[in-house]
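Reviewing the structure listed below.
Side-chain atoms are counted along with the backbone in the values below, which use heavy atoms only and exclude waters and symmetry mates. Keep in mind the model is a prediction, meaning the values are calculated, not measured. Here is the naming used below: chain letters follow the sequence lines, and residue numbers restart at 1 for every chain.
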Amino acid sequence: MAAVDAHAEELLLGLNDQQRAAVVHPGGPLLVIAGAGSGKTRVLTHRVAWLVRTGQASLGEILAVTFTNKAAAELRERVGTLLGRSTRGLWVSTFHSACARIMRVEAERLGYTRQFTIYDADDAKRLVKRVLESQGADTRRFTPNAVAGRISEHKNRLRSVEQAAEQAAGFYDRTIVDAYRGYQAQLVANNAMDFDDLLGRTVDVLERYPEVRERYRNAFRHVLVDEYQDTNPAQYRLLQLLCMDDPMHLAPRDAGAEAHGADPDGFGPLAGEEPGHRNLMVVGDDAQSIYGFRSADIRNILDFEQDFPDAEVIRLEQNYRSTQRILDTANAVIANNRDQRPKRLWTDQGTGDPVRVRALPDDHVESRWVVGEIERLAGEGVPLGQMAVLYRTNGLSRLVETALTQADLAYQVIGGVRFFDRAEVKDALAYLQWLLNPANTVAFARIVNRPRRGIGDTTVGRLLAHAEALGVTPLQVIDEPAAAGLKTAAVRSVGRFAEQAAELRATMEAGATVADLLEAILKVTGYRAELEASSDPLDEGRVENLDQLHAFAQEFDAEDAAAYPDEERATLRPLDRFLQSTALLSDADQAEEAATGRVTLMTLHNAKGLEYDAVFLVGCEDGIFPHSRAIDAGELEEERRLCYVGLTRARKHLALTWARRRALYGPPQPQVPSRFLRELPVESLDEQSPEALSGAVQPTPRPRFERDAPGARSGGIGSIARGRGTGAGRSLADLGLRRGSEIGSAGRAAAADAEAAPTFSVGARVRHGKFGEGDVVAADDEVIVVHFDDHGERRLIAGFARLEAV
DNA sequence: TTCTCGGCTCGACTT
DNA sequence: GAGCCGAGAA
């Protein structure tokens, strides 16, 4: 280690032994298991500052990866404070932002231009839909949403189209692979990358081009990763490529037995050895791994020592946030998980108030109770900005918002419909995207008839087909619309659009600022005028949103003009950077600091990494939390970790509520308390809580088998049973199910493999979470009865009784 | 051919 | 409550 002067020693003041050990770690792979509230951000910031101050690395040689842009900004600021100087040159960003930045430089090697567009989930879905339609797939069975999800999973596991095709068995998988192939081709043709591509293509470019790999391996002498428990296989591979010895001979996670690097193009391994710096420090908590649905792999953190030989492991187990009662509660819940690293969190913050559980008669009363408690705590001096209401799904925020409004309390909602996801904002951004990247057909299709210009789906289809046939962009087609086979009316409409596009392109080429270009779009197209002339009261809000976007663009222009010129700036326009930053902003990035004096409402996922004096966890009902689809898919451990995340956000006050009746979609339904409530340790709860738990634990008796009159109860058992009857005589075993199989995981696997999947219906009802003891579900002509076992898990206990002539 | 309207279905978490 | 589809009007 370099000489440690007194100046550097200062950085170690106030750290506990474990934190200090992590900060001064001499080098090589390091895993810091950081329990909730154990000061991991401190460790990360001090580590970066330590590396710089002891001369082990300059700022420009450090890459720090965080989970959100906001966390990145915070990290950067705190490092700046510690060092007492500018942090220019330090790479601190999300995986996606870092990859986007690399791809802006390297994209041309892979057949994209530097102006490539980043597709968000919505854009991706639209493109998937178009591909499915063009391939003649049944989009009712293969919904764009589900298919996009499967494609995303392939990509996050770094499976190429070819690899996915090799593994595909059965009609279902093959349809997915066909969609994957078509979708990927369209992305390239559109000069666009989706979120997964940002990671995957960066891995590609590093694997295929030794000189590129060498450049980035040398550039980052130290790599630090926050929230490591939520990294996916693609991110894991990226870290291998950046840090480890001979990365081309290491097997990526989940790629099967074959080692990577055998590239058909002959790129790949260097002839000689590639020694890596191996300075990889990862920080995380396996108990807080909650992004499995995004293909995060908890094995990354559980298997770190095997993956990175002679790694050092440091545990941070002292919690500086919560009272002992809150920690006991969280510890008791997470103890029900099997797959985890054992740890004992402790605190010296004192016992604290008991945790409270309340059962309320319905969702309205629940909201009012929570708001009443917020008022009470506010009266005791807890600032509103130090209180949060958390829930599993965004839909639960509405009633709490209403109650807060009635009580005249200020609040902010994080998440829900993102600002950048609003239709009018996306329209405006799509204009910008298309002006910059005319190959972007998703943006083109979005804006060509918005505002209405008399260019309908038929015309758009012809234009796109014509462009594809010629191998040109839509921009090159609209100037001669007659060539695409359009009639006079459509020709005139498209002609007007072409004139507007030409005018806007001229404005862009003349070097207009982003804000001015945006303004030109809204004016030239008549977009704003139409909204302003509208009688729809919602359109007023839309105009406001566009004004807000304009203000955002102005702010961007000002900051961008003042920024330090570097290599990236030399080759990219401000508009490029603007679109990139808007594409990668997330909900959590909008969260304002607590000091703003407003109650915060958000999902449990968005609450990761935050803390509040008082936390209310509402909607603790089976089917909501844990979510019915998670129960169905056998993802209870992840739901439990989500619960752990929620509980550990609280410093002093923690309350959990459930409603006996709740109207979520449609009329109010009776609810059952969350199974997680039963895992809370009674010793930590107040005296009223047990009552709230004993409420309705007994399963409600239900008819064992009912067959409704057609249409009497949509989604009911009757509707599932109707219309089946092919594949007679199949047993549970034929369906890949056994007595005691968990509904959903096995059922889904069976459905995926079976050629006869269209008639497979186990879980159709289960997935909606509205079934109970004694319910009957039909699988082809088999009938399966649902029972609760001792653990309260829903399982298939018996499969019998041929269902004849339904 | 485009647009509007009523009836239908379908509902997680997110870079 | 929002998005999609088909029917019918412009």
Could you check which of [options] has an atom nearest any side-chain atom of [X]?
| X | options | result |
| --- | --- | --- |
| A:R462 | B:dT1, B:dA12, B:dC3 | B:dT1 |
| A:R629 | B:dC13, B:dG11, B:dT1 | B:dG11 |
| A:R452 | B:dA12, B:dT14, B:dT4 | B:dT4 |
| A:H96 | B:dT4, B:dT15, C:dC5 | B:dT15 |
| A:T458 | B:dT1, B:dT15, B:dT14 | B:dT1 |
| A:A121 | B:dC3, B:dC13, B:dT15 | B:dT15 |

**Message:** Let me spell it out: for each of A:D457 and A:R392, pick the nucleotide of DNA chain B with the closest heavy atom. Which residue's pick is nearer the 5' end?
**Reply:** A:D457

**Item:** Below 4.0 Å: OP1/OP2 of B:dA12 and any side-chain N or O of A:T603
**Value:** no

**Prompt:** So, is A:N69 close to the B:dT15 phosphate, meaning a side-chain N or O under 4.0 Å from OP1 or OP2?
**Reply:** no

**Asked** Side chains of A:Q433 and A:T117: is there a donor and an acceptor less than 3.5 Å apart?
**Response** no

**Request:** Would you indicate whether A:E540, at its atom CD, is surrounded by more than 12 heavy atoms from other residues, nucleotides or ligands within a distance under 6.0 Å?
**Result:** no

**Item:** Base-pairing string, 5' to 3', of DNA chain B - Watson-Crick or wobble, under 3.5 Å, | interstrand
**Value:** ||||||||||.....

